[in-house]
A.B. asks: 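Got a structure here, written out as structure tokens. Questions coming.
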Amino acid sequence: MKQIPSRYNPQEVEKKLYEKWQGEGLFHVESGSSEKPFTIVIPPPNVTGILHMGHALNNTIQDILIRWKKMQGFASLWVPGTDHAGIATQNVVEKKLAREGKTRNDLGREKFVEEAWKWREEYGSAIVAQLKRLGASCDWERMRFTMDKGLSSAVLEAFVQLYGRGLIYRGNYIINWCPRCQTALSDEEAPHVETEGKLYYIRYPFKEAPCSMLKAEGVVVATTRPETMLGDVAVAVNPKDKRYKKLIGKKLILPIMGREIEVIADDFVDKEFGTGAVKVTPAHDPNDFEISKRHNLEPIKVMAPDGKMNENAGSYNGKDRFDAREGIIKELEEQGFLVKIEKHHHAVGHCYRCHTAIEPYLSLQWFVSMKELARPAIEAVKKGKIKFHPKRWTKVYLNWMENIRDWCISRQIWWGHRIPVYYCRGCMETGMRKSKIQNPKSKTMQGVIVSKIKPEKCPDCGSNNIYQDDDVLDTWFSSWLWPFSTLGWPEKTKDLEYFYPTSVLVTAPEILFFWVARMIMAGMEFTGEIPFRDVYLHGTVRDLTGKKMSKSLGNIIDPIDIINEFGTDALRYSMMAITATGQDVFLSKEKFEIGRNFANKIWNASRFVLMNIGDQIHRVGAPEAHLRGVLSLADKWILSRLNKTIAAVTKALEQYRFNEAESLIYDFFWHDFCDWYVEMVKPQLIQRNTEYEIRNTEQILIHVLEASLKLLHPFMPFVTEAVWQNVKERKSIMVEKWPEPDKKLIKKKIEADVDIIKNIITGIRNVRANMNIPHSNRLNVYIAPLKKKEEAILGGGIEYIKNLARVEELIIDKDAKKPEASASLVLEGFNIFIPLKGVIDIEKETVRLTKKTEEIKIKLGFSEKRLKDKNFTKKAPEKIVKQEREKSEKLKEQMERTRETLRSLS
RNA sequence: GGGCGGUUGGCGCAGUUGGUUAGCGCGUCACGUUGACAUCGUGAAGGUCACUGGUUCGAGUCCAGUACCGCCCACCA
């Protein structure tokens, strides 16, 4: 008999098993190794990142799918990798330098990038190691990094292609500027945060007061950012606004600056908001910029890239933007130009990396023209080639895509893919400088060379005085190529041909626009195909108060801590169990006990089976081949339940209903298998007197255990493998075949019969507990089946009742009369009496039965009312009506018997 | 301003096409160390499914509206 510890110890097995899997190459997949490929590309975590619960959830889901599909016989490939995470990594490296008292400028570009690479070498593998602890079955031989040679070449290729199609342009526009990171950001990188701000009303006096002009000696404008007024070039009103009609064309004096500005008319202005007059600051507001273009006004920048006011800001030059705001308000007030200040609730963009309030800022950047790219990506989803799970995200996706705006892709940082654009100084002297805003449609421009490699000399003028654009590309410009760049694109590789399009993308809705939408566009544009068929969007991991788990909030639960304390399987199982499809996950440490306890249960149930029949395991195989004679009721029942469970778990997985799959197998394994089947067959195992029965029981125990382990393996890879290896020396459970349901073995009648037996047992146990009858005290029980049907059911269940309800003698007699001083059970089809002379507590029993009577009464009333309703009997399906009649009759019978018993007690 | 999600026993949550008695985990109470497991077993208590109205023979489930909580999007300064 095998010696197996009575507790599952994850620490002891996890590392060993992972090394075994990896060592045996079980994660590696070659193209063409099966008829059917199944592919997932990992959402690449940031190289600087450490594993958080979001990753744990995300990667657990992927691993479940990958392992499940592998067992189903697919060439199941999970491509791992990491993202260089431009701004995030640059910030981290800069912080490290700061600790050494240095800035990036002290090092210079080349040295700084070297530092960043060093950082990656040192810390970039941390997250990979953590993914391994999570059990991730990635094909590590295919590890990718967004700044790898191959992927970098994909980035260049994509840029050059888009430029060639006229879909990339450079121009001066208002972009989101982070004064702390000192770079441009895309709209997605500057999420709006609801802020309680102020609305300042400022009076701009007339240069020459129009005679009839009211008491107001000027025009009052409202603004949330008064410091930008220094850059005002006009005041705009709605041309239809009667209040201001006469003022159009009048001159105003800009306070503080003393600049002369004009009142202009523009449809954009909302008459209802503020005063109906808008200060126009083209260099610091996107709408004002548009207005200025329509009216040919020259923008004036009053701020420097670091968020401090510049030389155009007069005396405020060099002051921080928020200090300047205060100063300006004070000055305006002193000079009598400040009319009032109102509280104002509005949404302000913030840098998604450092949370600094972004500044809308006029600057020269590169953009991708998105409308044309969006069209096929919208089609692909509308036609159902790509499906979102849950479905509701389809609408969110389409809505964003249909209102898509151009994508600012240049970043003023050093860590990333340098923009493959070169400028010729010779040509710049002449042409380029004069036209700052380049026409998006024009494909080429003199002195601007877009090339994957640095050109020797300018194709226009032959000069070799050439330099590369300083900027790097948005991190997401490499991410959006991920599903095919990782498989070799732009090369036409075998992998690309075989594994692409990928099967499913698993990610968080937070990056639906950042990443998912853009991958679909890139896929359609560069490969002409969808990048994946299904998109599964899981929820956000939150703490119990509903706050998103984040480092800055300090409410993090570290997955590695959980793994150390509860085990990887506990982490995985618990997280999936409490997560309904696509719903947010609310975590607390205690919740991991669910998984830990379940893993231990699996361990112990297996331990029980092995301890009892481990020495006969060689005789065990597929049950059909070895079963002999007649199967017991319990045998047939557990096989029926098993096959039902196999079918249901598989279906749930197909629908991405992970929590349902888990709970199905949890209920089956714990409640059906452990609580009932194992308990039912225990005596047979211990006695070992009937060769046939023992053999069948052994076969079935092992068969059900193994099938359960297989069903559990994708969710709990370690404990299932540990048990698998305990059974006998053999290959990994990873390569076992996913069970298929045998419909012939699913038997309704058997399950119903066992339910009745279980009810009898529970009923007797109930009486025992109620009367405080000790376990050692075996009782005699009289059962009088009311009809032949019931008698037949009892036949197969006598032993189970005797053993599980601690019954000494079970007297089955359909004419059995109630013995003196007995408790009586109220069950459908049976009269059950438990003689309890000297033990029975008449009072307690009366209370118990009275309560039962009340319950039955309520149900019966409801049922009878229903049956009296002609609408019901006429309109409801016959089957339902018949059911209701039967139910009513049974209830009446029960009622009768319970009352009878009650009478006899008093 | 638009869109989405949630509201089910003390707590945390399931509940797929409307159909017997609304499930699960934790917690609570009682009993228990019976030859896998106290990370366990047995039994019990605990719910007018947020509210209002509608459709239907029948609604936790479908429809309309309301309230509260949360999220996403949006160029009203």
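Note on naming: letters A, B, ... go to the chains in the order of the sequence lines (proteins, then strands), and numbering restarts at 1 for each one.
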A.B. asks: Rounded to whole angstrom units, what separation is found between the NZ atom of A:Lys589 and the C1' atom of B:rG25?
C.D. replies: 19 Å
A.B. asks: Measuring from the side chain of A:Gln655 (C-beta onward, heavy atoms only), which nucleotide among B:rU16, B:rC75, B:rA14 has the closest atom?
C.D. replies: B:rU16
A.B. asks: Would you classify A:His671 as touching base, sugar-phosphate or nothing, given that sugar-phosphate means primed atoms plus P, OP1 and OP2, and contacts are heavy atoms under 4.0 Å?
C.D. replies: sugar-phosphate
A.B. asks: For the side chain of A:Arg657, starting at C-beta, report the closest nucleotide among B:rU16, B:rG19, B:rA77.
C.D. replies: B:rU16
A.B. asks: May I ask you to verify if any side-chain N or O of A:Trp670 is less than 4.0 angstrom from the OP1 or OP2 atom of B:rG41?
C.D. replies: yes
A.B. asks: If B:rU33 has a Watson-Crick or G-U wobble mate with both distances under 3.5 Å, name it; if not, just say none.
C.D. replies: none
A.B. asks: Any side-chain N or O of A:Asn399 under 4.0 Å from OP1/OP2 of B:rG2?
C.D. replies: no
A.B. asks: Taking the side chain of A:Phe273 as its heavy atoms from C-beta onward, which of B:rU34, B:rC76, B:rG3 lies nearest to it?
C.D. replies: B:rC76
A.B. asks: Counting any heavy atom closer than 4.0 Å, what does A:Pro877 reach on the DNA or RNA strands: base, sugar-phosphate only, or nothing?
C.D. replies: base
A.B. asks: Compare side-chain N and O positions of A:Lys395 against OP1 and OP2 of B:rC4 and report whether any pair is under 4.0 Å apart.
C.D. replies: yes
A.B. asks: With no hydrogens and no angle check, do the side chains of A:Glu194 and A:His345 hold a donor and an acceptor under 3.5 Å apart?
C.D. replies: yes
A.B. asks: If you look at every strand shown and take non-hydrogen atoms under 4.0 Å, does A:Phe566 touch a base, only sugar-phosphate, or nothing?
C.D. replies: nothing
A.B. asks: Picking from B:rG25, B:rA74, B:rU20, which would you name as closest to the side chain of A:Gln883?
C.D. replies: B:rU20
A.B. asks: Can you say whether a donor on the side chain of A:Lys874 sits under 3.5 Å from an acceptor on the base of B:rC57, or the other way round?
C.D. replies: no
A.B. asks: Hey, does the side-chain of A:Arg7 have a donor or acceptor N/O within less than 3.5 Å of a partner on the base of B:rU39?
C.D. replies: yes
A.B. asks: Rounded to the Å, how far apart are A:Trp393 CH2 and B:rC73 C1'?
C.D. replies: 11 Å
A.B. asks: Look at all strands and tell whether A:Thr762 reaches a base, only sugar-phosphate, or nothing, counting heavy atoms closer than 4.0 Å.
C.D. replies: sugar-phosphate
A.B. asks: Please check the phosphate of B:rG19 (OP1 and OP2 only) for any side-chain N or O of A:Arg866 closer than 4.0 Å.
C.D. replies: no
A.B. asks: Please state how far atom CZ in A:Phe289 lies from atom P in B:rC75, giving the value in whole angstrom units.
C.D. replies: 16 Å
A.B. asks: Classify the nucleic acid contact of A:Tyr666 as base, sugar-phosphate or nothing, counting any heavy atom under 4.0 Å across all strands shown.
C.D. replies: sugar-phosphate
A.B. asks: Does A:Asp675 reach a base, just sugar-phosphate, or nothing at all? Heavy atoms under 4.0 Å.
C.D. replies: sugar-phosphate
A.B. asks: Could you give the CG-to-C1' distance, from A:Asp285 to B:rC76, as a whole number of Å?
C.D. replies: 10 Å
A.B. asks: Across the strands shown, which category fits A:Lys870 at heavy-atom distances under 4.0 angstrom: base, sugar-phosphate, nothing?
C.D. replies: nothing
A.B. asks: Is the shortest side-chain heavy-atom distance between A:Tyr677 and A:Asp672 below 4.5 Å?
C.D. replies: no
A.B. asks: Reckon A:Arg392 has a side-chain N or O less than 4.0 Å from the OP1 or OP2 of B:rC4?
C.D. replies: no
A.B. asks: Record whether the side chain of A:Glu194 comes under 3.5 Å of the base of B:rA74 through a donor-acceptor pair of N or O atoms.
C.D. replies: yes
A.B. asks: Counting side-chain heavy atoms from CB outward, which of B:rA77, B:rU16, B:rG25 is closest to A:His344?
C.D. replies: B:rA77
A.B. asks: Please work out if A:Asp270 contacts a base, only the sugar-phosphate, or nothing of the nucleic acid, heavy-atom cut-off 4.0 Å.
C.D. replies: base
A.B. asks: Hey, does A:Arg596 reach any base, or is it just sugar-phosphate, or nothing, if we go heavy atoms under 4.0 Å?
C.D. replies: base
A.B. asks: Could you state the CD-C1' distance from A:Glu510 to B:rC71, rounded to the nearest angstrom?
C.D. replies: 10 Å
A.B. asks: Within the pair A:Lys682 and B:rA36, is there a side-chain N or O less than 4.0 Å away from OP1 or OP2?
C.D. replies: yes
A.B. asks: Looking only at the side chain of A:Asn766 (C-beta and beyond, no hydrogens), which of the listed nucleotides B:rA44, B:rU16, B:rA77 gets closest?
C.D. replies: B:rA44
A.B. asks: Just checking A:Glu679: base, sugar-phosphate only, or nothing, at a heavy-atom cut-off of under 4.0 Å?
C.D. replies: base
A.B. asks: Could you work out which one of B:rC73, B:rG43, B:rC57 sits closest to the side chain of A:Arg765?
C.D. replies: B:rG43
A.B. asks: Rounded to the Å, how far apart are A:Asp667 CG and B:rG15 P?
C.D. replies: 14 Å
A.B. asks: So what does A:Ala236 hit on the nucleic acid, given a heavy-atom distance under 4.0 Å: a base, only sugar-phosphate, or nothing?
C.D. replies: nothing
A.B. asks: Round to a whole Å and report the spacing from CZ of A:Arg806 to P of B:rG43.
C.D. replies: 14 Å
